[in-house]
Amino acid sequence: MRRTALVATPIDPVSLLREVTTDGTGATTLFLGTVRNVNEGREVTGIEYSAYTAMAADELDRIACEAVERFDGVHLAVEHRVGTLGLQEISVAIAVAHARRSPALDASRFVIEELKRRVPIWKCEQYVDGTRHWIDPTSAATSHPIDAP
Amino acid sequence: MRRTALVATPIDPVSLLREVTTDGTGATTLFLGTVRNVNEGREVTGIEYSAYTAMAADELDRIACEAVERFDGVHLAVEHRVGTLGLQEISVAIAVAHARRSPALDASRFVIEELKRRVPIWKCEQYVDGTRHWIDPTSAATSHPIDAP
Amino acid sequence: MPQLQILLFASYADAFGSGTVTVSVPDLATVADVVVALRSLPGGGVLPDSPLVAVDRRYRPGAVAVHAGQEIAVIPPVAGG
Amino acid sequence: MPQLQILLFASYADAFGSGTVTVSVPDLATVADVVVALRSLPGGGVLPDSPLVAVDRRYRPGAVAVHAGQEIAVIPPVAGG
């Protein structure tokens with residue numbers, strides 16, 4: 001099975017794990033991305049995730065299809081959250097199950113790497129001093145600081 | 001932090017996840033090994049895990065120390081169960097947290113691969129027909145079938 | 001000249017002051033023509049040489065033809081996960 | 001000849017019929033001497049050429065000296081996880 005979704009409410013990783021598991025499962029992996037308190041030395045209070053919603057959902061599903069094709073027999077469930085998240089909230093959860101460990105580990109890594117490369121989601125970090133900042137992973141130098149409103 | 005243990009009671013993966021997470025965590029990984037219903041074409045009813053308990057505990061902790069050394073800043077919790085496990089019960093759980101995803105993913109893989117290579121734990125599969133069989137990953141040909149008692 | 005509606009997001013929407021802008025492009029326009037047209041608008045300096053462009057929700061290279069009725073979006077560096 | 005107690009597990013314990021066996025080894029015996037002595041016992045055919053041996057809970061190569069009072073174990077192919 002495969003299921004992917006953009007969600008606006010908190011992610012429950014345990015239900016994703018349950019969803020991918022079958023009697024034939026020998027290895028299950030879970031990857032969680034969470035909002036951390038410091039980025040590039042600045043104290044973060046939260047992150048606003050925004051998305052090109054329709055395309056992000058499509059692209060996420062294309063990645064899951066590719067994973068199922070590359071790693072035959074994987075079951076996977078992926079949720080990415082949008083909206084404003086506080087510290088330690090889960091932004092993305094990837095659950096993968098397979099009879100053997102290598103495809104489960106490889107598929108999990110494949111999905112998170114492709115997701116970070118391709119899925120049109122952006123994060124705007126909010127800092128203790130009230131400013132915010134669009135994260136640009138392609139270049140720290142070309143990122144776009146924005147004054148607080 | 002790092003914590004490793006051999007345990008004789010069911011593993012709670014959620015408590016391991018909670019244990020490794022801090023405010024600085026940006027990525028968390030969980031690896032679960034579970035008892036699957038078929039191995040090498042035979043229908044399995046359960047697996048008895050036995051260990052050279054004292055050395056297995058030491059070796060597991062050495063692996064965790066090596067992971068902390070290799071992947072600076074990882075927090076990890078590892079539990080391996082011993083005793084007789086039914087289908088879909090968790091035999092091993094590895095939770096890893098880090099600020100960034102690469103060390104978290106790499107450390108998880110490192111621990112499971114080293115565990116499988118070095119930790120003195122054995123599994124005796126029990127089949128529908130009442131027979132049992134010590135698993136020998138080094139060679140299917142030199143494995144040791146045992147008649148049912 | 002044909003007019004196309006372009007979707008913008010995140011830092012690009014901030015730079016252009018809107019999530020949707022209209023550009024005039026030549027007949028038989030391509031993805032690259034859309035980028036040239038966007039760059040001439042106020043805020044267009046935010047765009048790199050070859051920004052990611054999606055047509056009908058798939059990434060497309062500069063040479064691909066575009067026309068009215070398609071969903072065209074210019075995509076800032078993505079940062080999901 | 002010194003006598004050493006050897007711990008056995010899993011398939012090896014089944015083959016030797018016990019989790020502990022006593023072997024007689026030469027003075028200044030090594031890990032390899034332990035394996036030779038074990039192989040001459042009933043059930044010893046189960047052992048490969050160079051089984052894993054742990055001394056005081058660490059894997060040790062054949063040339064390492066062993067003596068009474070150490071915890072010596074011969075380890076079947078491990079299969080955790």
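Just so we're on the same page: letters track the sequence lines, and every chain starts at 1. Atom set for the values below is all heavy atoms of this structure, side chains included, hydrogens, waters and symmetry mates excluded.
Panel note: side chain B:H80, backbone D:G81; a donor-acceptor pair is recorded below 3.5 Å. When atom types are taken as modelled, the side chain of B:Y49 and the backbone of D:A79 share no donor-acceptor pair closer than 3.5 angstrom. Side-chain atoms of B:W122 do not come within 3.5 Å of backbone N or O of D:F9 as any donor-acceptor pair.
In this structure, chain B has no heavy atom under 4.5 Å from any part of D:L52. Heavy atoms closer than 4.5 Å to chain D are found nowhere in B:A56, neither backbone nor side chain. Interface remark: B:R62 contributes side-chain atoms only to the contact with chain D (heavy atom separation under 4.5 Å).
Residues B:M55 and D:I75 are in side-chain contact: their nearest non-hydrogen atoms beyond the backbone lie under 4.5 Å apart. The shortest distance between side-chain heavy atoms of D:Y59 and B:P120 falls below 4.5 Å.
With B:D136 as the partner, the side-chain contact (heavy atoms from CB on, under 4.5 Å) test is satisfied by one option alone out of D:P76, D:S11, D:P77: D:P77.
Within a 6.0 Å radius of CZ in B:R100, no more than 12 heavy atoms belonging to other residues, nucleotides or ligands are found.
Of all heavy-atom pairs between B:L115 and D:G80, the closest is CD2-C, 4.0 Å. Shortest non-hydrogen contact noted between D:V78 and B:K116 is CG2-O, 3.3 Å. The heavy-atom pair separating B:Y52 from D:A54 by the smallest distance is CE2-CB, 4.5 Å.
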